Enquirer: 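Dumping the structure here so I can ask a few things about it.
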Amino acid sequence: MENRKAMMISVTILGISILIVLFAYVAFGDNTDEDMKTLQQVNIIFRHGAKYPDKTYRKDFYLNEVQNHDPGSLTNYGSLQMYNLGKNLRHRYLKLLPQNGFYTNKVISVKSSWKDRTIMSAQSFLAGFMPPLDNKNPLPIPWQPIPIYTIPRNIDDLIAQKRYCPKYNEVYNELMKSEEIKKLDETNQPLYRILSVNTGENISNLLQVELLHNTLEAEKVAGWNLPDFLEGIFPQKTLPIAEKYLRLITETPFMKRIKAGPLTSEIIENMFNKRNNLPTEKSINIYSAHDVTLVNLMNSMNFLDQTTNKPDFSSALAIELHSSYSSVDMDVKIYYYFNSDDKYPKVIKIKDCEDPCPLNTFRKVMNHLIVNDFEKLCETV
Amino acid sequence: MLRIKIFTLFVIILLNLNVLIHCAIENNGKLIAASIIFRHGDRTPVEPYPNDPYKDQSLWPAHFGQLTNTGKRQHFELGKWFRARYNSLVSDKYNPDEMLVRSTDMDRTLMSAMSNLAGFYPPKDLDIWNEEIQWQPIPVHTTPEKLDEILAAKKSCPVYDYELKKLYKSPEFKAYDQKYKPIYKYLTQYAGKKVDSIQSVQNIYSCLHIEQIYNFTLPEWTKEVFPDKMFEISGLSFAVKTYTPLLARLKTGPLLKEILNLFQNKTEGKKTKNLYIYSAHDTTVANMLNTLGVFKLLGYHNPPYTSHILFELIEKNNDYFVQVFYRNTTGDPLLLNLPCGTLCPLNQMFKTYKDVLPINWEEECQLSLLQMPLDINVENSLSLMTIFSFIALMLFVGVIVLFIATVYKRRDYLSEDKWNRWGNEWN
């Protein structure tokens with residue numbers, strides 16, 4: 001009798017606790033699992049990993065150090081960052097990867113800007129993102145070759161966005177001569193002077209501060225000691241200027257269209273290909289890029305304020321396409337990874353579009369960025 | 001007994017001689033730069049023929065036209081071999097000033113280059129960035145095919161297309177077509193698609209050849225023509241693209257020119273890399289062999305997977321020489337006997353291959369006005385008439401314009417100044 005009562009109580013308690021756990025899981029468990037069910041495609045744009053400075057300044061203590069390390073090349077730490085980003089994203093996009101673990105051009109496309117560091121970043125990313133399965137690997141190393149398509153600089157309007165555009169240059173030069181910039185230069189005059197004296201370089205505009213900031217950023221990440229005069233200046237004072245400069249590149253609607261238009265157009269096309277199930281559709285599109293690519297894209301797509309004005313090494317933007325429960329159209333979701341170890345990417349709210357954002361509406365919202373004829377847009381009168 | 005002794009002696013002398021020759025190259029000269037052109041590794045057929053019993057994608061280890069696991073392994077091994085041979089040119093640590101890798105814009109060549117580099121550059125000491133994998137990223141550069149006149153050689157070149165068309169219409173190739181007509185007919189019947197050219201035979205040959213490598217039982221009908229009869233035609237197809245000096249000049253000239261110029265820069269002490277690696281196709285290798293003038297002597301053939309040509313720049317008593325090897329097996333490379341010898345002075349290389357080195361490729365590719373209409377309507381006399389009447393009309397209009405201009409000029413309608421200015425602009 002006594003035994004039976006005890007059993008009844010224990011069964012009830014056990015039952016209730018199981019129910020509570022289940023309920024809690026449903027209520028508080030994150031929604032990534034739900035996302036995984038509907039995920040159809042992802043477009044990933046990342047900044048390369050940590051690099052050696054592209055250039056240095058005359059009074060740089062590390063002048064020789066930089067020269068010895070191929071200026072602008074990816075560091076070992078940068079490789080590792082990209083590898084970790086790959087591993088991190090692999091977890092989320094496992095479902096989209098080919099089942100046998102081997103590269104196939106039916107599933108994945110990788111493009112890179114022409115620089116060594118972006119090519120190497122893409123390679124390191126893929127080493128973490130798509131390692132071959134152990135039992136099928138033909139090579140004695142846990143790595144597989146995956147083609148990366150590079151775009152020569154002079155035709156690259158997609159990633160480095162350096163394709164020649166006379167009209168853009170006109171608008172840009174005009175902007176740099178504007179009152180606003182003149183005023184900014186005036187206010188920053190004391191800073192320019194300090195930087196010029198201490199670096200031995202002539203620093204007199206925003207771009208030069210941005211370049212210097214990049215050098216210092218790379219040196220800091222490399223673990224080198226920065227000189228004392230930078231205390232309170234880097235990053236506190238240089239960062240806002242670098243950020244401002246990066247934003248200026250896509251200041252006007254026209255500038256946004258020229259810089260971010262081709263990439264936006266391609267990504268939208270990728271998503272439509274997927275939705276309409278065209279033979280060219282791919283589940284994963286990867287773009288190995290620069291900080292400026294990310295800023296241009298995010299500023300033009302109008303959500304830079306939700307992320308960061310100066311993306312860190314190996315930060316990534318993921319533009320996902322999901323099937324929808326409620327309609328035949330598919331939904332666009334955007335996530336931002338602040339760095340390679342970011343386990344909880346930030347959900348981006350797409351402006352002027354409901355949540356989740358249907359692809360058709362997304363296309364309309366981004367209409368101002370679509371580029372069909374680059375050369376024509378760039379013609380000067 | 002004596003005979004055996006003499007034989008052994010003979011063998012020893014031969015061996016020594018071999019070593020001596022080898023040493024002569026090694027000891028007296030110093031390798032200072034090299035360029036490698038290789039074909040990708042094992043792949044699946046690019047496009048099976050319509051009646052192919054093995055045209056089902058699922059029978060193959062990779063998608064059509066893709067590098068297979070065997071191909072990855074082949075290039076990984078080849079990378080190790082390159083490392084052994086060129087260790088003196090390239091340090092253990094990757095240095096972009098020492099080497100450059102270029103690939104055509106295709107999956108299989110990009111992947112071959114990367115597999116090759118995985119064997120070539122195992123990370124050491126400080127370069128081990130990741131304990132989990134003995135691999136490090138090495139950049140491979142590529143240019144879209146339509147813009148690549150150097151490696152893919154697919155950039156549009158009207159003069160080349162015109163010349164090739166002309167070649168196919170030449171008596172020599174008409175005779176070939178006549179000779180191979182029975183085979184064309186036979187293949188058309190069995191393969192299920194129209195076969196009417198050397199190139200289309202090559203496509204089927206390549207497919208059957210791969211199926212043979214994969215131990216697929218070939219259909220009964222193939223026994224009649226495969227491999228022997230088709231091999232001959234397929235081999236010839238690899239010579240066609242560079243059959244005349246002009247074709248070679250426009251197809252492979254830019255690549256040969258780049259390689260020789262890089263060597264030249266090296267000898268002049270300019271900043272240039274020690275090793276260039278080009279990842280490309282069977283056609284690239286065959287075209288280069290033919291452009292160098294050795295393809296016929298080697299026997300027209302399909303360059304096998306991973307086959308490669310090695311250009312090596314040798315410094316010897318302040319003189320510079322080029323030697324070129326071809327290696328289409330896993331054995332020793334074959335030293336090529338170029339028209340200027342096996343050890344050809346660099347400046348002699350420029351002279352020997354003067355005819356196939358373009359001076360201004362872009363310009364040389366432009367058809368002249370006379371070729372253009374002929375090219376489009378070469379067999380259509382009616383349109384030829386149209387073109388002639390068009391030219392006549394243009395001439396007529398031109399004369400009238402000139403006449404009017406003279407009349408106006410006489411009236412000083414246009415000032416001297418204006419004419420001069422226009423003249424300057426046209427200059």
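Predicted model only: the values in this text are computed from it and were never measured. Note that these values count all heavy atoms, side chains included, but never hydrogens, waters or copies made by symmetry. Here is how names work: the chains are called A, B, and so on, in the same order as the sequence lines, proteins then strands, and each is numbered from 1.
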Enquirer: Side chains of Lys266(B) and Asn274(B): any donor to acceptor distance under 3.5 Å?
Expert: yes
Enquirer: Using heavy-atom distances under 4.5 Å, tell me whether Asp116(A) contacts chain B through its side chain, its backbone, both, or neither.
Expert: both
Enquirer: Is chain B contacted by the side chain of Leu126(A), its backbone, both, or neither, given a heavy-atom distance below 4.5 Å?
Expert: neither
Enquirer: Do you know which of Lys72(B), Lys93(B), His75(B) has the most heavy-atom pairs under 4.5 Å to chain A?
Expert: Lys72(B)
Enquirer: Classify the side-chain pair Asp42(B)/Tyr214(B) by whether it contains a donor and acceptor separated by less than 3.5 Å.
Expert: yes
Enquirer: What residues of residues 146-155 of chain B sit under 4.5 Å from chain A when only non-hydrogen atoms are counted?
Expert: Leu147(B)
Enquirer: Please state whether the side chain, the backbone, both or neither of Lys106(A) comes within less than 4.5 Å of a heavy atom of chain B.
Expert: side chain
Enquirer: Ignoring hydrogens and angles, state whether a donor on the side chain of Tyr276(B) or Glu258(B) is under 3.5 Å from an acceptor on the partner side chain.
Expert: no
Enquirer: Does a side chain donor of either Gln41(A) or Asn270(A) reach within less than 3.5 Å of an acceptor in the other side chain?
Expert: no
Enquirer: Would you call Glu47(B)-Lys193(B) a salt bridge at under 4.0 Å N-O?
Expert: no
Enquirer: Please confirm whether the backbone N or O of Asp107(B) pairs with a side-chain atom of Tyr149(A), one donor and one acceptor, at under 3.5 Å?
Expert: yes
Enquirer: Please classify the contact of His63(B) with chain A as side chain, backbone, both or neither, using a heavy-atom distance under 4.5 Å.
Expert: side chain
Enquirer: Are Trp224(A) and Phe61(A) near enough that their ring centres are under 6.0 Å apart?
Expert: no
Enquirer: Relative to chain A, which of Leu110(B), Thr68(B), Asn69(B) shows the most heavy atom pairs under 4.5 Å?
Expert: Asn69(B)
Enquirer: At a 4.5 Å cut-off on heavy atoms, which part of Ile148(A) comes close to chain B: side chain, backbone, both, or neither?
Expert: both
Enquirer: Counting only non-hydrogen atoms closer than 4.5 Å, does Tyr77(A) touch chain B with its backbone (N, CA, C, O), its side chain (CB onward), both, or neither?
Expert: neither
Enquirer: Only pairs of heavy atoms separated by less than 4.5 Å count here; which of Asn105(A), Asn100(A), Thr118(A), Thr104(A) has the most with chain B?
Expert: Asn105(A)
Enquirer: In this structure, is the centre-to-centre distance between the rings of Trp143(A) and Phe76(B) below 6.0 Å?
Expert: no
Enquirer: What part of Gln134(B) lies closer than 4.5 angstrom to a heavy atom of chain A: side chain, backbone, both or neither?
Expert: both
Enquirer: Assess whether a salt bridge exists between Glu375(A) and Arg163(A), defined as any Lys/Arg side-chain N lying under 4.0 Å from an Asp/Glu carboxylate O.
Expert: yes
Enquirer: Is the backbone N or O of Ala280(B) less than 3.5 Å from a side-chain atom of Thr109(B), with the two atoms forming a donor-acceptor pair by type?
Expert: no
Enquirer: Decide, yes or no, whether a salt bridge links Lys257(B) with Glu364(B) under the criterion of side-chain N to carboxylate O below 4.0 Å.
Expert: no
Enquirer: Is there a donor in the side chain of Gln136(B) and an acceptor in the side chain of Ser79(A), or the other way round, less than 3.5 Å apart?
Expert: no
Enquirer: Between Pro145(A), Pro131(A), Ala127(A), Ser121(A), which shows the greatest number of heavy-atom pairs under 4.5 Å with chain B?
Expert: Pro145(A)
Enquirer: Given that the side chain runs from C-beta out, which part of Glu77(B) has a heavy atom under 4.5 Å from chain A: side chain, backbone, both or neither?
Expert: neither
